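Keep in mind that this is a model prediction, so the values were computed, not measured. Every chain is numbered from 1 and lettered A, B, ... according to where its sequence line falls, protein lines coming before strand lines. Atoms considered below: every heavy atom in the structure, side chains included; atoms not considered: hydrogens, waters and symmetry mates.
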Protein chains: 2
Amino acid sequence: MNKNQALLWDHPRFRSWIAVARACQLMQTVLTRELADLDIKPPHLDILVNLYRFEGISQQELARKLLVGRSNMSMTLPQMEKRGLIERRGDTRDKRVLRLFLTEEGRAVAEEAMAIQTSLIERTLSSTPIEQCHAMAESMEKIILALHAEVVDETESA
Amino acid sequence: MNKNQALLWDHPRFRSWIAVARACQLMQTVLTRELADLDIKPPHLDILVNLYRFEGISQQELARKLLVGRSNMSMTLPQMEKRGLIERRGDTRDKRVLRLFLTEEGRAVAEEAMAIQTSLIERTLSSTPIEQCHAMAESMEKIILALHAEVVDETESA
DNA sequence: ACTTTATTGTTCAATGTTGAACATTTTTGG
DNA sequence: CCAAAAATGTTCAACATTGAACAATAAAGT
């Protein structure tokens, strides 16, 4: 009756990935709580970090980096702009695009939030040796490539 | 000016975790697309898998396993019941709890969905050696424990 | 030059998720 | 036995996310 079940949970890669997914979900939950002090949520942090590193990026480019739709950015960014964290300036060459910049306050919040995230990661990964972290990152990069291939496969066949 | 940035991205554990989070997000996206054939989404799959393994579980227990609130279950499970995937029976001993069971169709859908997920994982993790998968899972278990500790810390201090 | 196609951002309706307040039932402590 | 506390599930309002349809602009093809 449960032949499928036995087969399923014997797959070592399956079990491993379930652990990865669970850890990610938990990390997200804890990070959400810790960011509450700054009155921002993980999606805002992702945006701040990307603007911190890639100043002047467009909404489209940002959406692609964050793996979300453009409409998401159209909803979230104006909120952050009203809150004074970011600024949107029209591109002079291409009147369609809006280029994104951190305000001074946005930069400050970004730094605080990144400090919180880094601290959390350092704390929770402290039991994992550096070499294992590196190996993990290397594996993840390969997995990301494989997943990107899946994405283009499906969009092309459609 | 960007001293913080340089320090941040030099943290090996930080960089590694970002890769993990990204891979998870992508996996979720691709899985969502592949499950569309069965007209279910990842949260439904999580529920089906848990009912497959833990028949007769309560809504509360299920919510805890899935790391979501009880209200989430109260919204989602009646939908799945109407769709004929699951069944909710009142516990005879404790009139508060509803015990959850897969219907025949629910079991069939669960098996198909698990096959899709397993196949996707096998495909995308194929480049990662089994030993590395095991090491990864071991690290993740430690991280999960550390994160659980964070959760109780915060709830107790509050 | 001009029509067609593609890109960027917005809007909107549909859906999903959360936390707080609530009713019911059970357990605990006196 | 009874009142207080806890547990379970529901409801609701607030918010987030998505995809499709749309307007404005730019790029490509002719």
task = Please determine, by modelled atom types, if A/Arg88 and A/Gln59 share a side-chain donor-acceptor pair under 3.5 angstrom.
result = yes
query = In terms of heavy-atom contacts, does NZ of A/Lys142 have more than 12 from other residues, nucleotides or ligands at under 6.0 Å?
reply = yes
remark   = Taking five pairs at each terminus, the helix from C/dA1-D/dT30 to C/dG30-D/dC1 shows an axis bend, to 10°, of 30°
inquiry  = Can you measure A/Leu100 atom CG to C/dT8 atom C1' for me and round it to whole angstrom units?
reply    = 12 Å
task = Select base, sugar-phosphate, or nothing to describe what A/Arg88 touches, counting heavy atoms under 4.0 Å on all strands.
result = sugar-phosphate
ask   = Less than 4.0 Å between a side-chain N and a carboxylate O, is that true for B/Asp91 and B/Arg93?
value = no
ask   = On DNA chain D, nearest-nucleotide positions of A/Pro43 versus A/Asp94: which is more 5'?
value = A/Pro43
query = Out of D/dA7, C/dT10, D/dT25, which nucleotide sits closest to the side chain of A/Arg96?
reply = D/dT25
message = How about CD on B/Glu122, more than 12 heavy atoms from neighbouring residues, nucleotides or ligands closer than 6.0 Å, or not?
response = yes
inquiry  = Can you work out whether B/Pro78 or A/Lys95 has the more 5'-proximal nearest nucleotide on DNA chain D?
reply    = B/Pro78
task = Could you check how far CG of A/Leu98 sits from C1' of D/dA26, rounded to whole Å?
result = 15 Å
inquiry  = What is the distance, to the nearest angstrom, from the CD atom on A/Glu81 to the C1' atom on C/dT10?
reply    = 14 Å
key: Nucleotide D/dT17, atom P - distance to NZ of A/Lys41 in whole Å   = 9 Å
query = Is the NZ or CZ atom of A/Arg89 positioned over A/Phe101's six-membered ring, under 6.0 angstrom from the centre and within 45° of the axis?
reply = yes
task = Pick base, sugar-phosphate or nothing for B/Arg93, based on heavy-atom distances below 4.0 Å to the nucleic acid.
result = sugar-phosphate
query = C/dT8 phosphate, OP1 or OP2: any side-chain N/O from A/Gln60 under 4.0 angstrom?
reply = yes
inquiry  = Rounded to whole Å, please give me the gap between CG in B/Leu77 and C1' in D/dT11.
reply    = 15 Å
Length of the line joining B/Met80:CE and C/dT15:P, which is rounded to integer Å = 17 Å
message = Taking the basic N atoms (NZ, or NE/NH1/NH2) and the acidic carboxylate oxygens, is any pair closer than 4.0 Å for B/Arg22 and A/Glu141?
response = no
task = Verify the cluster assignment for A/Leu51 and A/Val68: are they in a single hydrophobic cluster under the rule of side-chain heavy atoms below 4.5 Å apart?
result = yes
task = List the steps, then state whether salt bridge (charged side-chain N to carboxylate O under 4.0 Å, His left out) holds for B/Glu112 with B/Arg107.
result = CA-CA 9 Å; B/Glu112 286 188 73; B/Arg107 182 170 300 272; over 6 Å; no
inquiry  = Is B/Gln79 close enough to C/dT15 that one of its side-chain N or O atoms is under 4.0 Å from OP1 or OP2 there?
reply    = no
inquiry  = Against A/Ile86, only a single residue in A/Gln79, A/Glu81, A/His44, A/Glu105 fulfils side-chain contact (heavy atoms from CB on, under 4.5 Å); can you say which?
reply    = A/Glu81
query = Quick one, which residues of residues 65-76 of chain A touch DNA chain D with a heavy atom under 4.0 Å?
reply = A/Val68, A/Ser71, A/Asn72, A/Met75
query = Can A/Arg123 and A/Ser119 be counted as having a side-chain donor-acceptor contact under 3.5 angstrom?
reply = yes
key: A/Gln59 CD to D/dA24 P, straight-line distance once rounded to whole Å   = 17 Å
query = C/dA14 C1' sits how many Å from B/Asp39 CG, rounded?
reply = 14 Å
